[in-house]
Amino acid sequence: MQVRTRFAPSPTGFLHIGGARTALFSWAYAKRHQGQFILRVEDTDVARSTPEAVQAILDGMHWLGLSYDEGPYYQMQRMEHYKTIIQKMLADGTAYLCYCSKEELDALREQQMQQGIKPRYDGRWRPEVDKHLPMPPAGVPPVVRFKNPDTGVVAWDDLVKGRIEIANAELDDLIIARADGTPTYNFCVVVDDWDMQISHVIRGDDHVNNTPRQINMLKALGANIPQYAHLSMILGDDGQKLSKRHGAVSVMQYDEEGYLPEAVLNYLARLGWSHGDEEVFSMQQFCEWFDLDHITPSAAQFNTEKLNWLNAHYIKACPMDKLMAETSKRLQPLNIYVEASSQLAAAIQLYRERANNLNQLAQDVAFFFAQPQPNSADVEKHITPEAISVMTTFVAKLSHLDWAVEAIHAVMNEVVTEQQIKFPKLAMPLRVMLTGGAQSPSIDQVMYILGREVAIQRINAYLS
RNA sequence: GUCCCCAUCGUCUAGAGGCCUAGGACACCUCCCUUUCACGGAGGCGACCGGGGUUCGAAUCCCCGUGGGGACGCCA
């Protein structure tokens, strides 16, 4: 059987981390089985869908590298097709017109809630044999409802959660077309999954409750029933549900915040899915391993610390060209404009080991290209009168030095021996003068990359 | 309220009845390395929600609690 999966976001906001994982899993499942991955934009909510959101989703997918084999399809462009099918259902009796007003329905819901029963449409316009229907009120445009079976159960074997059974008595006759004639979500999904021959529906588990209705409609249409896999939700770092108001951010924000897409992808892959003890793996490896059997049915809490760790790993592994481009881009907000160069490469090489974030990496190497703002506490602690004296001796030896790391290191040792001091007594003030702070990689290497002119100049600034 | 789902270290997870004295990873702690900060290396702390069954044997199967979550729209 041909595997065809789809990612079907509604363009009412950016692509967030939960959607990204759903997309990733759907994508990987298709890849794993040499199938097709389809992107479908569910934009039937005209009031809330925006072109900006469509673009944001496309951008997010692109940044993550989740390419699709078909699409993007837009449901709004398929209107006529939906309407045709609704007419057909009206004709064959699997759907009917309902003239209830919103007010009527609200009242019904409220009454049912008070009685402690599940709020649902009571079927007052549902045609039955020997049932006398009220006269359609004049001037009220009807909605179309699906005539859901009222007995028996709907069941499916969820590929993540196992068998789920729902009594049809729990379901009501959902609206498939609004009073203005536009079809609604549950209906469009069914038609599209059918038309697009989706074999596996992988989606968030907030759709579990829609599944029985969709299966019933699929059956009414004589369509094949796809397999379903419902992914549990991702909670925020604080264990709270992610929402627009709380914690949910665009995947693009991870770019802005200095994360490599490889890290985000790898992190997401391990959030709710596992392959034994494997933690770090490429997307190619992921696509070979990915299966639905090893998806956790319970909700997962997002952990930024672990993402940071993965990001550090991918920064270490990142090709220098890309790292230079990323760093130089992230240096610009600091008003530092540098092209790719051997100096930039050397600086990055020194700092990439200790960075877990691209923005941090840029900040770390910034002092190579612009005068650093000295940390006053470090200055006070390390730039002592004794240190000034040591540095005066040291800087004098720099002008004629063969400018190489080994030579610099040798001259440092020389000064340390002559002055009968411990190495840090030289290294620390030097570090502060050169970098502005007390933390850096080996200061001989830093000084080498900084260059003789700049090094001498920065030291002298403290000696005058 | 009704229906549905979920439950292993702080977090992500391994675990398909004996391989479990419950494994790995992040974080945390200690030590080593050391020129400061990191990287790295070696250790350590740390969990099967509770109660009943089933079984020779349960983290694993069943039931009941408890706790969490989701859904109940002319939203998707």
Side-chain angles (χ1 to χ4, degrees), chain A residues 8-12 42-45 47-49 75 98 100-102 105-106 109 112-120 141-145 158 160-162 164-167 169-172 174-186 188-189 203-212 230 232-233 235 237 239 241 267 270-280 293-294 296-310 312 316 351-356 364 378 382 409 412 416 422-428 430-432 435 437-444:
Chain A
S10 69
T12 54
E42 311 218 321
D43 53 358
T44 51
D45 185 353
R48 295 196 303 156
S49 297
Q75 291 187 323
C98 168
C100 279
S101 67
K102 288 182 189 181
L105 292 172
D106 287 345
R109 231 189 318 275
Q112 287 167 325
M113 286 284 237
Q114 273 176 5
Q115 288 170 8
I117 57 175
K118 189 173 183 165
R120 40 138 96 80
V143 299
V144 180
R145 285 184 186 269
D158 195 276
V160 171
K161 294 178 183 291
I164 298 177
E165 294 187 15
I166 312 273
E170 291 294 330
L171 273 22
D172 62 0
L174 74 157
I175 292 173
I176 60 177
R178 303 179 179 94
D180 66 5
T182 58
T184 60
Y185 164 76
N186 272 295
C188 297
V189 167
R203 57 177 19 165
D205 74 355
D206 47 334
H207 289 290
V208 166
N209 296 275
N210 292 324
T211 307
H230 286 100
S232 52
M233 57 186 304
L235 272 23
D237 238 332
K241 186 193 170 185
Y267 180 72
R270 278 290 287 108
L271 203 57
W273 175 85
S274 62
H275 185 75
D277 290 338
E278 301 291 344
E279 294 286 351
V280 182
D293 299 336
H294 292 84
T296 318
S298 52
Q301 189 172 317
F302 195 89
N303 184 220
T304 305
E305 297 283 359
K306 191 163 181 179
L307 206 213
N308 288 343
W309 171 72
L310 278 165
K316 286 185 194 118
Y351 274 93
R352 69 192 306 184
E353 293 286 322
R354 58 202 70 212
N356 62 14
D364 285 346
D378 290 334
H382 297 288
H409 192 74
M412 287 183 76
V416 161
K422 299 270 193 190
F423 199 91
K425 285 291 183 190
L426 169 60
M428 291 311 292
L430 179 57
R431 198 177 326 264
V432 174
T435 73
Q439 292 100 43
S440 86
S442 294
I443 197 61
D444 43 13

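Letters A, B, ... are given to chains in the order of the sequence lines, protein chains preceding strands, and every chain is numbered from 1.
Residue A:H275 has no polar side-chain atom (N or O) positioned under 4.0 Å from OP1 or OP2 of B:A14. Note on A:K241: a side-chain N or O is less than 4.0 Å away from OP1 or OP2 of B:G70. Phosphate proximity of B:A76 to A:T44: present, with a side-chain N or O under 4.0 Å from OP1 or OP2.
Atom CZ in A:R48 sits roughly 15 Å away from atom P in B:G73 (whole-Å rounding). With rounding to whole Å, A:R120 atom CZ is found 18 Å from B:A71 atom P. If you measure from atom CG of A:D444 to atom P of B:U36, you get 12 Å, rounded to the nearest angstrom. Residue A:E278 contributes atom CD, which lies 14 Å from atom C1' of B:G23 at whole-angstrom precision. The separation between A:D43 atom CG and B:A76 atom P is 10 Å, rounded to whole Å. B:G73 atom C1' lies 16 Å from atom CD1 of A:I176, rounded to whole Å.
A:N186 and A:T184 share no donor-acceptor pair across their side chains, judged by distance under 3.5 Å alone. Checking A:T211 against A:H230 by side-chain atom types alone, a donor-acceptor pair falls below 3.5 Å. Looking at A:T304 and A:D237, their side chains do bring a donor and an acceptor atom within 3.5 Å of each other.
Using a cutoff of 4.0 Å between basic side-chain nitrogens and carboxylate oxygens, A:E278 and A:R270 are not scored as salt-bridged.
For A:D206 and B:A76, a side-chain-to-base donor-acceptor distance below 3.5 Å is absent, hydrogens and geometry of angles not being considered. You'll find a donor-acceptor pair under 3.5 Å spanning the side chain of A:R431 and the base of B:U35, going by distance alone.
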Each nucleotide in nucleotides 3-8 of chain B should get exactly one letter: B, S or -. Can you fill that in based on protein heavy atoms under 4.0 Å? SSSSS-
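A:H294 comes within contact range of the sugar-phosphate backbone alone, with a heavy-atom separation under 4.0 Å but no base atom that close. At the heavy-atom level, A:S442 lies under 4.0 Å from base atoms of the strands shown. Using a 4.0 Å heavy-atom distance criterion, A:D172 is classed as making no nucleic acid contact. Nucleic acid contact for A:A179: base, since at least one base atom lies under 4.0 Å from a heavy atom of the residue.
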Anything under 3.5 Å between a protein N or O and an N or O of nucleotides 25-27 of chain B, put it in a table, one pair a line.
from	atom 1	to	atom 2	distance (Å)
B:A25	O4'	A:E279	OE2	3.4
B:C26	OP1	A:W309	NE1	3.3
B:C26	O2'	A:E305	O	3.4
B:C26	O2'	A:K306	N	3.2

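Glycosidic conformation at B:C39 (O4'-C1'-N9-C4 for purines, O4'-C1'-N1-C2 for pyrimidines): syn, within 90° of 0.
Partners of A:A299 under the side chain to side chain contact (heavy atoms under 4.5 Å, CB included) rule, at least two apart in sequence or in another chain, are A:M233, A:L235.
Base pairing annotation: B:A71 forms a Watson-Crick or G-U wobble pair with B:U2, both donor-acceptor distances under 3.5 Å.
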